[in-house]
K.L.:
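Here it is, the structure, as structure tokens.
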Amino acid sequence: MIHPDLTMPLPATLGAVHFVGIGGSGMSGIARLFLESGHDVTGSDRGENHNTGILRELGATVSIGHDAANVGVVDALVYTGALWPDNPEYLEAVGRGIPVLHRSQALAWLINHKRLVAVAGAHGKTTSTGMIITAMLALDARPSFVNGGVIQSLGVSSSSGEGDLFVVEADESDGSFLLYDTAVALITNVDADHLDHYGDHDAFDAAFVSFAERASELVVISSDDPGALRVTGQLEHKRILTFGEDAAADVRVHSIVTHGPVAFTLSWQGQDYSARLTVPGHHNALNAAGAFAVLVGLGFDPCTSLDGIASFGGTERRFELHGTVRGVSVYDDYAHHPTEVAAALAAARSVVGAGRIIAVHQPHLYSRTQVMAGEFAQTYEQLADHTIVLDVFGAREDPIPGVTGATVSERFEDSRRVDYLPDWQQAADRAASIARAGDLIMTLSCGDVYRIVPQLLASLRATPSD
């Protein structure tokens, strides 16, 4: 992967911009904003997807496949941390002296002097960001925004607004969230991840301390998460709001009911406010509390803020229902860390009733799989009824010898409750053969496991019901 130089001064002006990996969820959102701002946008990706089609409709020139010839007369090339240093378009830009910007630098250039709300944390960023954006739109704040996933009610992950607020999902994976001139920092949790970049837990915590201290107006941080508590203990910021189930939280969430859409009560400044979300899961009550703390911290009315949050309908790849065949519902979720997997499976349990949960796990990153295989196995064995493990989606990493999906499956105590099936058709057929009416099949990973969903639905149709 390419390690960004975040100290590089940003260009004063930009006209034409080329995006390598333009079809990605984050990159496509930034490219959309450049288009909406009147820039000429070109880009490339390995294959066609929904995002590449939409960007073409908006006026971008998108090439499929990476080739130096794709880089025309441009003022900057934008890349992601997933890009390899031998990418021909990256090398072409470097060879021609074209400024190369990490996507966070391109986003920082767009934000300029807006009042930035940045959402960071190992889990819950996309949903929390989506809740804040949805509520601000309901409050007529007209923010600009870039989220890590498409907000279902809006059909987009980014948009240019007319107000002074700009809301972003900030990426901590490579430290690039420290680049932004943040006004309000929301930290959902500090559950150590991306240690391939940070090296150890202390460095991971230190990055979040720095992120929080840079916020010019307000820090909103979990009162429950152990990592967040460690960070809070190191902060000297003048204005901090905590949220969570802890009795001392500034915004305390309690009376949580998780059967179906989650319902709960928030206590803030001596008043109680009740809400029911359209999305399930205990974790979403906590996400809502964090979003609420941001909004009231900015001065918005508590009641209308919570009403706006409650109208949030979810984002793509977060507990997303793709279809139901012979009574079996097939969901997809972005969860790729044991804590996220636990939250997703708990949400699934709250809606499946007497049915069973069949999980399809695609390990993401060789390093994460090597370090957390035991935690993944324990989580799936405790919370799913049966688990099918695919092979590792390596993303930006080279393979580590001996690390495969079997690294996870072999850690199950009861081998009857897990299958390691690297062949996707075999995996889909196996899930369909197990499932019966009332069950739920869920794919889990931030890799490309969502592509198996059509195979799962087809296998369900082809498999006779009991």
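All residue numbers in this chain count up from 1 along the given sequence.
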K.L.:
Apply side chain to side chain contact (heavy atoms under 4.5 Å, CB included) to the pair I309 and L277, showing each step before the final yes or no.
P.N.:
CA-CA 8 Å; I309 292 168; L277 305 181; 4.2 Å; yes
K.L.:
Walk me through it: do M136 and F145 pass the test side chain to side chain contact (heavy atoms under 4.5 Å, CB included)?
P.N.:
CA-CA 11 Å; M136 284 186 177; F145 61 87; over 6 Å; no
K.L.:
Can you find a heavy atom in the side chain of I22 that is under 4.5 Å from one in the side chain of N51?
P.N.:
no
K.L.:
Side-chain donor-acceptor pair under 3.5 Å between H18 and E92, yes or no?
P.N.:
no
K.L.:
Can you find a pair of side-chain heavy atoms, one from V360 and one from L390, that are under 4.5 Å apart?
P.N.:
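A side-chain contact exists here, since the closest heavy-atom pair is under 4.5 Å.
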K.L.:
Identify the heavy atoms of L295 and A135 that sit nearest to each other, and give their distance.
P.N.:
CD1-CB, 3.5 Å
K.L.:
Quick one, H361 and F376 - any side-chain contact, counting heavy atoms below 4.5 Å?
P.N.:
yes
K.L.:
D391 side chain to G405 main-chain N or O, any donor-acceptor pair under 3.5 Å?
P.N.:
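Side chain of D391 to backbone of G405: a pair is present.
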K.L.:
Within the distance-only criterion (no hydrogens, no angle test), does the side chain of Q105 pair as donor or acceptor with the backbone N or O of H102 below 3.5 angstrom?
P.N.:
yes
K.L.:
At what distance, to the nearest 0.5 angstrom, does OG1 of T379 lie from NE2 of H337?
P.N.:
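Atom-to-atom, T379:OG1 and H337:NE2 are 9.5 Å apart.
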K.L.:
Find the distance between CD1 (I400) and OG1 (T369) and round it off to the nearest 0.5 Å.
P.N.:
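These two atoms lie 8.0 Å from each other.
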K.L.:
Looking at CG of L116 and CZ of F166, how far apart are the two atoms once the value is rounded to the nearest 0.5 Å?
P.N.:
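Answer for the CG-CZ pair, L116 versus F166, is 7.5 Å.
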K.L.:
Sequence neighbours excluded, which residues qualify as side-chain hydrogen bond (donor to acceptor under 3.5 Å, both in side chains) partners of D419?
P.N.:
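side-chain hydrogen bond (donor to acceptor under 3.5 Å, both in side chains) list for D419, sorted by chain: H386, R430.
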K.L.:
Is the number of heavy atoms from other residues, nucleotides or ligands under 6.0 Å of R56 CZ greater than 12?
P.N.:
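More than 12 heavy atoms, drawn from other residues, nucleotides or ligands, come within 6.0 Å of this atom.
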K.L.:
Would a distance-only check, ignoring hydrogens and angles, find a side-chain to backbone donor-acceptor pair under 3.5 Å from N189 to A228?
P.N.:
no
K.L.:
Kindly indicate whether the side chain of Y180, heavy atoms from C-beta on, has any atom under 4.5 Å from the side chain of S104.
P.N.:
yes
K.L.:
Looking at every non-hydrogen atom in both residues, tell me the closest pair between A377 and V408 and how far apart they are.
P.N.:
CB-O, 3.7 Å
K.L.:
Are any non-hydrogen side-chain atoms of V71 and Y90 less than 4.5 angstrom apart?
P.N.:
no
K.L.:
Is there a side-chain contact between L444 and Y380 in this structure, where contact means two heavy atoms from C-beta onward sitting under 4.5 Å apart?
P.N.:
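Yes; the side chains approach each other to less than 4.5 Å.
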K.L.:
Compare every heavy atom of M442 with every heavy atom of D333, then report the nearest pair and how far apart it is.
P.N.:
CB-SD, 4.2 Å
K.L.:
Measuring from F211:CZ to L186:CG, what's the distance to the nearest 0.5 Å?
P.N.:
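F211 atom CZ to L186 atom CG measures 8.0 Å (nearest 0.5 Å).
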K.L.:
Considering all heavy atoms of both residues, which atom of A285 and which atom of I256 are nearest to each other, and what is their separation?
P.N.:
CB-CD1, 4.0 Å
K.L.:
Is it true that a side-chain atom of E89 and a backbone atom of A68 form a donor plus acceptor pair closer than 3.5 Å?
P.N.:
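Pair absent, no side-chain N/O of E89 close to backbone of A68.
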K.L.:
Working note: H322 + Y331, criterion ring-ring contact (aromatic ring centres under 6.0 Å, His included); need CA distance, chi angles, decisive distance, verdict.
P.N.:
CA-CA 6 Å; H322 281 267; Y331 285 82; 8.7 Å; no
K.L.:
Give a yes or no on whether the backbone of G65 and the side-chain of N70 come within a donor-acceptor separation of less than 3.5 Å.
P.N.:
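Here the side-chain-to-backbone pair exists.
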K.L.:
For L321 and T324, work out which heavy atoms get closest and say how close.
P.N.:
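That would be CD1-OG1, 4.3 Å.
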K.L.:
What's the separation between atom OG1 in T134 and atom CD1 in I151, rounded to the nearest 0.5 Å?
P.N.:
5.0 Å
K.L.:
Would you please say whether a donor-acceptor pair under 3.5 Å links the side chains of S445 and Q362?
P.N.:
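Present: a donor and an acceptor within the cut-off.
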K.L.:
D224 side chain to G244 main-chain N or O, any donor-acceptor pair under 3.5 Å?
P.N.:
no
K.L.:
Identify the heavy atoms of R46 and I64 that sit nearest to each other, and give their distance.
P.N.:
O-CG2, 3.6 Å
K.L.:
Go through the steps for H254 and F264 under the test side chain to side chain contact (heavy atoms under 4.5 Å, CB included), then give the verdict.
P.N.:
CA-CA 6 Å; H254 58 92; F264 55 90; over 6 Å; no
K.L.:
If I take atom OG1 from residue T387 and atom CG from residue D414, how far apart are they, to the nearest 0.5 angstrom?
P.N.:
11.0 Å
K.L.:
Would you find a donor on one side and an acceptor on the other, under 3.5 Å apart, between the side chain of R32 and the backbone of V146?
P.N.:
no
K.L.:
Taking the side chain from D439 and the backbone from R436, do they hold a donor-acceptor pair closer than 3.5 Å?
P.N.:
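Here the side-chain-to-backbone pair exists.
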K.L.:
Taking the side chain from T407 and the backbone from T404, do they hold a donor-acceptor pair closer than 3.5 Å?
P.N.:
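Present.
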K.L.:
Can you confirm whether H336 sits close enough to F393 that some side-chain heavy atom of one is under 4.5 Å from a side-chain heavy atom of the other?
P.N.:
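Side-chain contact under 4.5 Å: no.
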K.L.:
My understanding is that only one of D332, V330, I358 makes a side-chain contact (heavy atoms from CB on, under 4.5 Å) with L456; could you say which?
P.N.:
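Looking at D332, V330, I358, the match for L456 under the side-chain contact (heavy atoms from CB on, under 4.5 Å) is V330.
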K.L.:
Evaluate ring-ring contact (aromatic ring centres under 6.0 Å, His included) for H39 paired with W109, printing each intermediate quantity in order.
P.N.:
CA-CA 13 Å; H39 294 263; W109 191 91; 5.5 Å; yes
K.L.:
List the steps, then state whether side chain to side chain contact (heavy atoms under 4.5 Å, CB included) holds for L55 with T52.
P.N.:
CA-CA 5 Å; L55 289 171; T52 57; 5.8 Å; no
K.L.:
Are T126 and Y334 close enough that some pair of their side-chain heavy atoms sits under 4.5 Å apart?
P.N.:
no
K.L.:
Is the shortest side-chain N to carboxylate O distance from R349 to D385 below 4.0 Å?
P.N.:
yes
K.L.:
Backbone N or O of E381 within a donor-acceptor pair of the R417 side chain at under 3.5 Å?
P.N.:
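Present.
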K.L.:
Quick one: do the S160 and S144 side chains pair a donor with an acceptor below 3.5 Å?
P.N.:
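No - no donor-acceptor pair under 3.5 Å links their side chains.
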